4 protein chains.
Amino acid sequence: MTATTAGRSRRPNGAAPTERRNRDSAVIAAAITVMSQKGYAATSIQEVADRVGVLKGSLYHYFRSKEELLFRILEESHEQVVEIEHEVAALDLSAFEELLEYVRRSSTWYLSNIDRANIFFSERNQLTGDRLTEAQAWGRAFEKHIAKLLTSAQTDGDVRSDMDQRLLTRFVLGALNNIRFWPSRSGKSFSNDEMAAALVSLTRSAIAAP
Amino acid sequence: MTATTAGRSRRPNGAAPTERRNRDSAVIAAAITVMSQKGYAATSIQEVADRVGVLKGSLYHYFRSKEELLFRILEESHEQVVEIEHEVAALDLSAFEELLEYVRRSSTWYLSNIDRANIFFSERNQLTGDRLTEAQAWGRAFEKHIAKLLTSAQTDGDVRSDMDQRLLTRFVLGALNNIRFWPSRSGKSFSNDEMAAALVSLTRSAIAAP
Amino acid sequence: MTATTAGRSRRPNGAAPTERRNRDSAVIAAAITVMSQKGYAATSIQEVADRVGVLKGSLYHYFRSKEELLFRILEESHEQVVEIEHEVAALDLSAFEELLEYVRRSSTWYLSNIDRANIFFSERNQLTGDRLTEAQAWGRAFEKHIAKLLTSAQTDGDVRSDMDQRLLTRFVLGALNNIRFWPSRSGKSFSNDEMAAALVSLTRSAIAAP
Amino acid sequence: MTATTAGRSRRPNGAAPTERRNRDSAVIAAAITVMSQKGYAATSIQEVADRVGVLKGSLYHYFRSKEELLFRILEESHEQVVEIEHEVAALDLSAFEELLEYVRRSSTWYLSNIDRANIFFSERNQLTGDRLTEAQAWGRAFEKHIAKLLTSAQTDGDVRSDMDQRLLTRFVLGALNNIRFWPSRSGKSFSNDEMAAALVSLTRSAIAAP
DNA sequence: CATGAATGAGGCTTCATTCAT
DNA sequence: TATGAATGAAGCCTCATTCAT
């Protein structure tokens with residue numbers, strides 16, 4: 001929310017965007033598809049424009065630079081993930097159950113938004129300057145949240161205490177972040193819910209107190 | 001081993017092969033460092049040359065194209081990982097223990113070769129044509145190997161049978177591949193062995209038969 | 001007066017011409033400020049629009065092209081300078097005194113309209129085609145006028161005869177055109193009148209007959 | 001000398017440039033011609049490349065950016081002008097005669113290097129950042145030098161004391177800087193020396209003590 | 001009149017790659 | 001082998017201008 005997201009096209013008075021939003025979303029959608037597939041650096045604005053059905057230069061009505069476009073995608077994704085965090089927190093579960101529920105819901109989100117998730121986890125470091133700083137902060141906050149839940153769950157006696165919480169955190173996060181790769185192999189034979197459930201079950205077994 | 005790897009070391013006269021290899025390794029080492037950090041697409045040959053202390057054009061004595069350079073890096077990594085696979089297979093353990101030992105050793109390798117591992121897992125898809133095909137085959141073989149071990153271990157009754165082997169495979173692979181990110185967070189406070197051991201322990205708990 | 005100046009103010013209905021003129025002047029004023037600072041080529045229509053508080057596209061109600069906008073600015077300036085020429089001619093002074101009075105009054109105008117003067121003297125050559133031709137004609141007429149006064153003054157014995165009139169002309173014109181740079185250095189400490197008076201005095205000394 | 005001039009093409013070891021310098025000069029010469037004619041902003045790298053007989057991209061072996069190219073031109077010109085300053089200072093003349101000799105020699109330089117002089121006086125402000133700062137400093141040093149000579153000459157009683165030194169400075173500088181426009185009008189009929197001599201004579205008359 | 005999205009051309013710059021020396 | 005100038009293609013971005021609303 002800090003870095004340069006706002007003010008793409010100069011609108012002196014407060015005119016109504018009407019149709020605008022649609023194109024905006026179309027642009028972002030196109031960018032997500034291409035960038036997820038080829039990676040940010042290998043994606044050309046041209047390809048995005050082609051997909052939107054607009055000339056290259058016209059895209060600059062929707063963002064100020066390729067990097068801003070990436071940032072916007074990341075930012076949106078981040079917001080949605082944070083939203084999940086809040087929803088789960090509102091459920092008033094034990095730390096352990098909250099953690100697992102969080103794993104389940106975000107897994108589902110990643111699986112339903114694989115392209116977004118790919119970009120979210122792979123292209124953050126292509127940002128520079130303030131935008132990079134901000135995006136890195138997301139990651140840290142994210143990790144801290146998981147760490148806190150794990151610590152609480154350890155205190156509650158729900159999570160094994162024979163292992164440093166930091167190692168647990170990394171394991172849980174790693175397994176979670178990787179779920180986006182599950183479907184890409186061997187003919188999509190599991191539903192998102194099945195996969196999410198499997199991840200939760202495996203995570204539970206992995207870290208539960210004996 | 002299929003795609004264009006050959007044709008680098010023509011040695012018409014009896015020049016010192018050691019010198020050659022050294023430069024060659026230096027080039028690869030430089031490329032690994034840069035590409036791990038910025039990604040293949042965002043890495044310029046110039047940066048690699050700078051790091052080697054050679055002019056851009058000179059690099060083309062060591063590889064035919066940027067893509068071949070990437071391929072060589074991936075290939076080397078792949079070979080080393082396969083080597084681990086063979087070593088572990090030679091230990092004659094039960095499927096379950098072989099799997100876990102494999103996890104331990106490859107974790108250690110990833111942690112000791114983080115830059116290589118980064119490229120190995122992130123840049124494969126930047127290849128094209130035959131090289132892409134070959135690299136993708138590695139991944140599939142890799143997965144198949146884990147799958148086989150898991151199936152055997154399930155048959156042995158060592159691994160939980162309440163979950164499809166394919167889900168188990170993805171989980172194990174995902175957690176394993178992700179260990180390369182463990183050190184990057186919060187002040188490197190664990191040794192590679194500690195991290196590998198933790199991963200093994202967690203993986204065991206996750207998938208062991210009850 | 002030849003080139004494409006016309007065709008701006010079609011007023012089909014009996015709309016208020018005042019409003020119109022105002023906007024028109026506002027646009028020109030904005031353009032003058034920006035172009036004086038950054039130069040014609042480096043000035044974007046966007047910047048002018050921003051300064052007027054209007055969207056880029058809207059500016060095209062006030063001129064047909066960026067070049068026409070520049071031309072109009074130059075033309076207006078030219079007209080004002082010519083006006084000064086006529087005023088001074090009407091004073092019925094000796095050639096020498098007319099020249100000096102002309103120097104004084106145009107100096108003052110340049111100093112009071114520095115941005116206009118900057119554009120007038122620096123951006124003429126950015127025009128093309130007929131507009132360029134016309135603007136260049138202004139310069140020549142201008143010079144011819146000074147030349148005529150100097151020749152007369154030489155005949156009158158008021159101006160030194162030991163130097164070709166063409167050299168005198170260039171000197172006088174050069175010194176005059178440059179007065180617009182006087183204020184920009186070292187904290188504006190002189191009034192426009194003081195500077196104009198100084199220029200007149202120095203010019204007089206420079207060219208007066210001994 | 002401060003701003004980024006050095007290090008255009010990366011040369012790890014100290015190889016001999018040999019042919020290099022030639023091209024370098026050719027590039028600068030081409031740029032000077034085009035920029036003098038059309039102005040920096042309106043000059044495209046393409047035009048310079050065409051004139052050198054090289055592809056657009058190839059030019060970037062000789063400079064890092066269009067702005068650096070401009071800076072280099074300005075810097076070279078500045079150095080030559082400063083050189084003149086030093087030469088004249090070494091002549092050990094009275095302040096008044098030194099000033100006039102300086103006017104004569106720099107006039108001659110401007111007339112012999114009209115394109116350089118045009119750029120020198122017109123395009124400085126197209127620079128940005130540190131380069132702009134440095135170039136502006138040149139101007140100030142330049143002016144200070146003239147001012148010092150004038151003050152001394154006033155003290156010596158050689159220059160009129162009825163006028164503030166700052167006004168004299170501006171007048172002298174203005175007339176001098178403008179000499180580059182003298183030849184552009186009406187069929188080049190005077191030699192550079194004639195024009196320089198005329199300027200000196202007129203300047204002397206203008207500012208000499210009565 | 002104003003809007004603002006779209007155009008289409010062009011500008012600066014980077015870069016993988018080649019090649020004569 | 002190494003050099004470094006040159007290529008040619010492409011990439012990002014800007015901008016004057018148009019036009020339907």
Side-chain angles (χ1 to χ4, degrees), chain A residues 8-13 15-20 23-24 41-47 49 52-67 69, chain B residues 12-13 15 19-20 23 41-49 53-67 69, chain C residues 12-13 15 19-20 23 41-49 53-67 69, chain D residues 8-13 15-20 23-24 41-47 49 52-67 69:
Chain A
R8 11 194 190 289
S9 82
R10 282 161 255 208
R11 210 181 316 137
N13 52 17
T18 46
E19 293 273 31
R20 190 48 150 31
R23 274 286 202 206
D24 208 277
T43 294
S44 76
I45 289 295
Q46 182 65 253
E47 285 167 289
V52 178
V54 157
L55 285 189
K56 208 178 12 173
S58 308
L59 282 191
Y60 285 79
H61 283 282
Y62 301 98
F63 51 79
R64 278 220 257 277
S65 68
K66 191 186 170 188
E67 192 183 317
L69 175 56
Chain B
N13 49 17
E19 283 277 331
R20 184 63 154 79
R23 270 284 201 211
T43 293
S44 75
I45 289 295
Q46 180 66 252
E47 286 167 286
V48 177
V54 155
L55 285 183
K56 202 174 24 166
S58 310
L59 282 192
Y60 283 79
H61 290 289
Y62 300 97
F63 52 79
R64 272 207 183 68
S65 69
K66 190 184 170 189
E67 192 183 318
L69 176 56
Chain C
N13 49 16
E19 282 277 334
R20 185 57 156 80
R23 271 284 203 212
T43 294
S44 75
I45 290 295
Q46 180 66 252
E47 286 167 287
V48 177
V54 156
L55 284 184
K56 202 175 24 168
S58 310
L59 281 192
Y60 283 79
H61 289 289
Y62 299 98
F63 51 79
R64 273 208 184 66
S65 69
K66 191 184 170 189
E67 192 183 319
L69 176 55
Chain D
R8 11 197 188 286
S9 83
R10 283 161 255 207
R11 211 181 316 138
N13 52 14
T18 47
E19 294 273 30
R20 194 41 154 36
R23 275 288 203 201
D24 207 276
T43 294
S44 76
I45 289 294
Q46 182 66 253
E47 286 167 287
V52 178
V54 156
L55 285 190
K56 208 176 15 169
S58 309
L59 282 191
Y60 284 78
H61 282 282
Y62 301 99
F63 50 80
R64 278 221 256 278
S65 68
K66 192 185 169 190
E67 192 183 317
L69 175 56

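Here the structure is a predicted model, which means the values were calculated and not measured. Labels below follow one simple rule: chain letters A, B, ... track the order of the sequence lines, proteins then strands, and each chain is numbered from 1.
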D/R23 side, atom CZ; D/Y62 side, atom OH - distance, nearest 0.5 Å: 5.5 Å
Distance, rounded to the nearest Å, where D/F63 contributes CZ and E/dT14 contributes C1': 13 Å
Gap between atom NZ of D/K56 and atom OG of D/S44 - 0.5 Å precision: 8.0 Å
Minimum heavy-atom distance between D/A41 and C/A41, given as atom pair plus value: CB-CB, 3.6 Å
Interatomic distance, D/D24 CG vs F/dG4 C1' [rounded to whole Å]: 14 Å
Atom pair distance, as rounded to whole Å: CG in D/L69 and C1' in E/dC12: 12 Å
Shortest non-hydrogen separation from D/L59 to D/V54 and the atoms involved: N-CG1, 4.3 Å
Atom pair CG/CD1 of B/L55 and B/I45 - distance to nearest 0.5 Å: 13.0 Å
Give me, pair by pair, the N or O atoms of the protein and of nucleotides 6-9 of chain F that are less than 3.5 Å apart, along with how far apart they are.
{"from": "F/dA6", "atom 1": "OP1", "to": "D/R23", "atom 2": "NE", "distance (Å)": "2.7"}
{"from": "F/dA6", "atom 1": "OP1", "to": "D/R23", "atom 2": "NH2", "distance (Å)": "3.0"}
{"from": "F/dA6", "atom 1": "OP2", "to": "D/Y62", "atom 2": "OH", "distance (Å)": "2.3"}
{"from": "F/dA6", "atom 1": "N7", "to": "D/H61", "atom 2": "NE2", "distance (Å)": "2.5"}
{"from": "F/dT7", "atom 1": "OP2", "to": "D/L55", "atom 2": "N", "distance (Å)": "3.0"}
{"from": "F/dT7", "atom 1": "OP2", "to": "D/S58", "atom 2": "OG", "distance (Å)": "3.1"}

For atom CD1 of B/I45 and atom P of E/dA16, their distance in whole Å: 5 Å
Between C1' of E/dG10 and CD of D/Q46, the distance in whole Å: 10 Å
Nearest-angstrom distance from the residue atom OH of A/Y60 to P of F/dT14: 7 Å
DNA chain E: 5'-proximal contact among B/S65 and D/E47 (nearest heavy atom): D/E47
Runs of at least three Watson-Crick or G-U pairs with DNA chain F, cut-off 3.5 Å: E:2-21 with F:2-21
